[in-house]
Amino acid sequence: MDSKFDSEQNVTSSVGVMPVGQNCWKQVYRQVVNVFYISVWKKAWPLWAGALALAFANIFMFAYARAIGVFPQMAMWGSYIYNIFGIKVYAPFTAYPLTPLYLDMHSLINFGIIFGVAISAFISEEFKIRTDNWRGYIIALIGGGLMGFGTVIMPPCNVGGFYSATMALSLSGPLSAVGLLLGAYVGGMFLKRQAKEAVDALDFSTLPKGEPVKKTEASLQPFIGMMIGILLIAVSFFYVLKGMSKPAGLLLFGALFGVIFQRSRLCFASAFREIFVSRDGTLMKWILLSIAIGTIGFTILKSQGYQQMAVVLPVGLHTVIGGFIFGIGMAVAGGCGVGILWRSAEGYIRAWIAVIGGMLTSGSWILIYGDYVGKGWLYGKPFSLGHHFGWFGGAALIFLFLACFYILITFLEATKNEKN
Amino acid sequence: MKKIKTIKVGDSHYQVDMRGWMCPYPKYAVEPLIQKLEDNSRMDMLVDCPSATQDVPRVVRAMGCKVSEVSQIGTGEWRIVIVK
């Protein structure tokens with residue numbers, strides 16, 4: 001029989017003769033599983049996909065309500081906890097006043113991120129309660145605490161203060177990169193030294209013989225992930241029914257960010273840390289591309305009169321110092337503000353402790369400093385490149401910064417290759 | 001200091017258990033580990049940090065060694081087989 005004819009009519013398989021339609025459906029099923037399950041949930045996304053998705057998600061969320069940033073609302077959570085225990089303190093960021101968390105639309109972005117990461121981690125069978133020893137927890141607490149101080153001094157965090165601020169044409173964005181870069185280097189070297197000490201204590205020649213760890217059976221995690229997804233939709237629907245459609249949208253946007261971060265492993269802490277520690281700028285280069293795309297989107301929106309001073313932050317020496325403190329904190333805690341939220345939802349106890357440390361230090365800022373973030377002797381004034389150099393000029397300056405940063409990273413990578 | 005759990009599986013075949021070490025510890029540890037490993041050896045590195053499944057092979061290949069397998073062995077756990 002002609003093989004072409006065979007494929008068009010009936011296919012002989014191990015289960016017998018299969019009608020054409022059935023074969024087509026099998027192919028459709030295979031294709032759907034491959035694209036919508038294997039590529040999305042089982043394989044890590046390529047970095048470029050994560051970078052592009054992140055940029056467009058941030059542009060769309062900004063057009064909807066606001067840009068991504070997670071720490072100011074976490075600082076509010078910290079102040080909220082102090083008040084529960086009878087310590088009267090205002091939340092440090094004026095735009096994030098003390099509010100019950102379920103009514104605070106900014107907090108819903110964070111909850112959305114936790115939801116999104118949990119959905120993603122469970123469906124891809126990557127969720128695990130990951131414990132550490134007491135030293136690890138203390139380091140996480142210190143790292144989180146440093147991030148908490150860094151976020152109120154800089155302000156705010158890595159993703160809000162560098163990523164979103166740069167694309168929003170705030171001068172503070174590029175300046176914060178200086179502090180973050182140096183801080184992440186200090187923190188990264190501390191981790192590298194710890195890893196080396198642990199390896200130094202090893203001797204391959206005197207190891208006991210043992211049984212290798214075996215592969216375990218398939219788990220119920222994908223099913224749990226889908227259940228969490230259904231819960232997210234139900235919660236969003238509930239908010240819509242209560243007339244809170246904007247918070248509902250932000251919850252879903254947060255979940256989208258959570259999925260993007262979890263699947264692409266686009267870690268900002270790692271991007272800053274690895275530039276000097278490993279002379280590897282791969283991650284940061286993709287983040288720079290993401291910022292470039294975001295800059296175009298934000299500039300278009302702002303030039304049309306939309307939220308022109310949004311994410312334009314105070315700028316001064318505090319931007320660099322705060323960035324430095326935040327940089328050390330994010331490196332030793334194992335993630336920036338988004339990073340520790342994301343890893344909390346993946347089951348890292350160390351990240352939970354870092355979140356607590358970050359909340360409690362930033363939440364106490366008014367008790368320590370005596371004023372709100374952005375006010376008083378410590379802070380400079382917000383500086384919008386768009387307002388000072390025109391929207392086109394401001395965007396051109398950001399592109400110049402991105403190009404210079406790219407060249408610096410490439411130069412550092414080249415010095416490593418030369419050394420080798 | 002936290003210890004890295006390591007066993008000998010067979011002749012020139014070791015298992016280095018870095019589950020419980022968050023990223024970037026496995027990435028930072030793999031370079032000195034490979035330096036300590038004798039030639040023609042195999043090291044199975046167990047990790048529970050998803051990023052390590054990308055970071056560790058990149059470092060290993062940059063050192064001129066081979067990554068013959070990266071496979072999931074449980075929920076949130078992977079084995080990276082490194083051949084020197």
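Throughout, protein chains are lettered first and strands after them, A, B, ... in sequence-line order, and every chain is numbered starting at 1.
- B/Tyr28 carries A/Lys192 over the face of its six-membered ring, with the cationic atom under 6.0 Å from the centre and within 45° of the normal.
- Looking only at side-chain heavy atoms (C-beta outward), B/Leu33 and A/Leu202 come within less than 4.5 Å of each other.
- The distance from atom OG1 of A/Thr282 to atom CD of B/Gln54, rounded to the nearest 0.5 Å, is 11.0 Å.
- Contact annotation for A/Ser124: only backbone heavy atoms (N, CA, C, O) come within less than 4.5 Å of a heavy atom of chain B.
- For B/Gln35, no part lies near chain A; criterion is any non-hydrogen pair under 4.5 Å.
- In the displayed structure, B/Asp11 atom CG is contacted under 6.0 Å by at most 12 heavy atoms of other residues, nucleotides or ligands.
- Neither the backbone nor the side chain of A/Glu217 comes within contact range of chain B; no heavy atoms are under 4.5 Å apart.
- Contact annotation for B/Tyr25: both backbone and side-chain heavy atoms come within less than 4.5 Å of a heavy atom of chain A.
- In plain terms, the two heavy atoms of B/Ser51 and A/Arg265 that are nearest each other are OG-NE, 3.3 Å.
- Residue with the most contacts toward chain B among A/Arg350, A/Glu346, A/Gln221: A/Arg350 (heavy-atom pairs, distance under 4.5 Å).
- Here the side chains of A/Asp280 and B/Lys27 are in contact, with some heavy-atom distance below 4.5 Å.
- With hydrogens and angles ignored, the 3.5 Å screen pairs no side-chain donor or acceptor of A/Lys196 with any backbone N or O of B/Ala29.
- The number of heavy atoms from other shown groups lying within 6.0 Å of CZ (A/Phe411) does not exceed 12.
- With a 4.5 Å cut-off on non-hydrogen atoms, A/Ala140 does not touch chain B at all.
- In this structure, A/Lys214 places its NZ atom where more than 12 heavy-atom neighbours from other residues, nucleotides or ligands lie under 6.0 Å away.
- In this structure a side-chain-to-backbone donor-acceptor pair under 3.5 Å is missing from B/Arg19 to A/Arg130.
- A 4.5 Å side-chain heavy-atom check between B/Pro24 and A/Arg273 finds at least one atom pair inside the cut-off.
- With a 4.5 Å cut-off on side-chain heavy atoms, A/Leu207 and B/Thr6 count as touching.
- For the set B/Leu37, B/Asp55, B/Val59, B/Thr53, the entry with the most heavy-atom pairs within less than 4.5 Å of chain A is B/Leu37.
- Looking at B/Val16, only its side chain comes within 4.5 Å of chain A, counting heavy atoms on both sides.
- For the residue pair A/Tyr348 and B/Pro50, the shortest heavy atom distance occurs at OH-CD, 3.7 Å.
- Side chain of B/Gln15 to main chain of A/Gly210: no donor-acceptor pair is present (N/O by atom type, distance under 3.5 Å, no hydrogens or angles).
- A donor-acceptor pair is defined here as one N or O able to donate and one able to accept, closer than 3.5 Å; no such pair exists between the side chain of B/Thr75 and the backbone of A/Ser219.
- Annotation: A/Leu220, atom CG; neighbour count of heavy atoms from other residues, nucleotides and ligands within 6.0 Å does not exceed 12.
- Chain A forms the most heavy-atom pairs under 4.5 Å with one residue out of B/Glu77, B/Arg79, B/Met43, and that residue is B/Glu77.
- Note that CZ of A/Arg343 is 7.0 Å distant from SG of B/Cys49, once rounded to the nearest 0.5 Å.
- For the set A/Ile349, A/Val199, A/Thr216, the count of heavy-atom pairs under 4.5 angstrom toward chain B peaks at A/Val199.
- Remark: the backbone N or O of A/Asp200 is paired with a side-chain donor or acceptor of B/Lys36 at under 3.5 angstrom.
- Contact check for B/Lys2 versus A/Arg135: no side-chain heavy atoms found under the 4.5 Å cut-off.
- In this structure, chain B has heavy atoms under 4.5 Å from both the backbone and the side chain of A/Phe204.
- With a 4.5 angstrom heavy-atom cutoff, B/Met18 does not touch chain A via any of its atoms.
- Looking at B/Asp48, both its backbone and its side chain come within 4.5 Å of chain A, counting heavy atoms on both sides.
- Only the backbone of A/Thr131 comes within contact range of chain B, with at least one heavy atom under 4.5 Å from a heavy atom of that chain.
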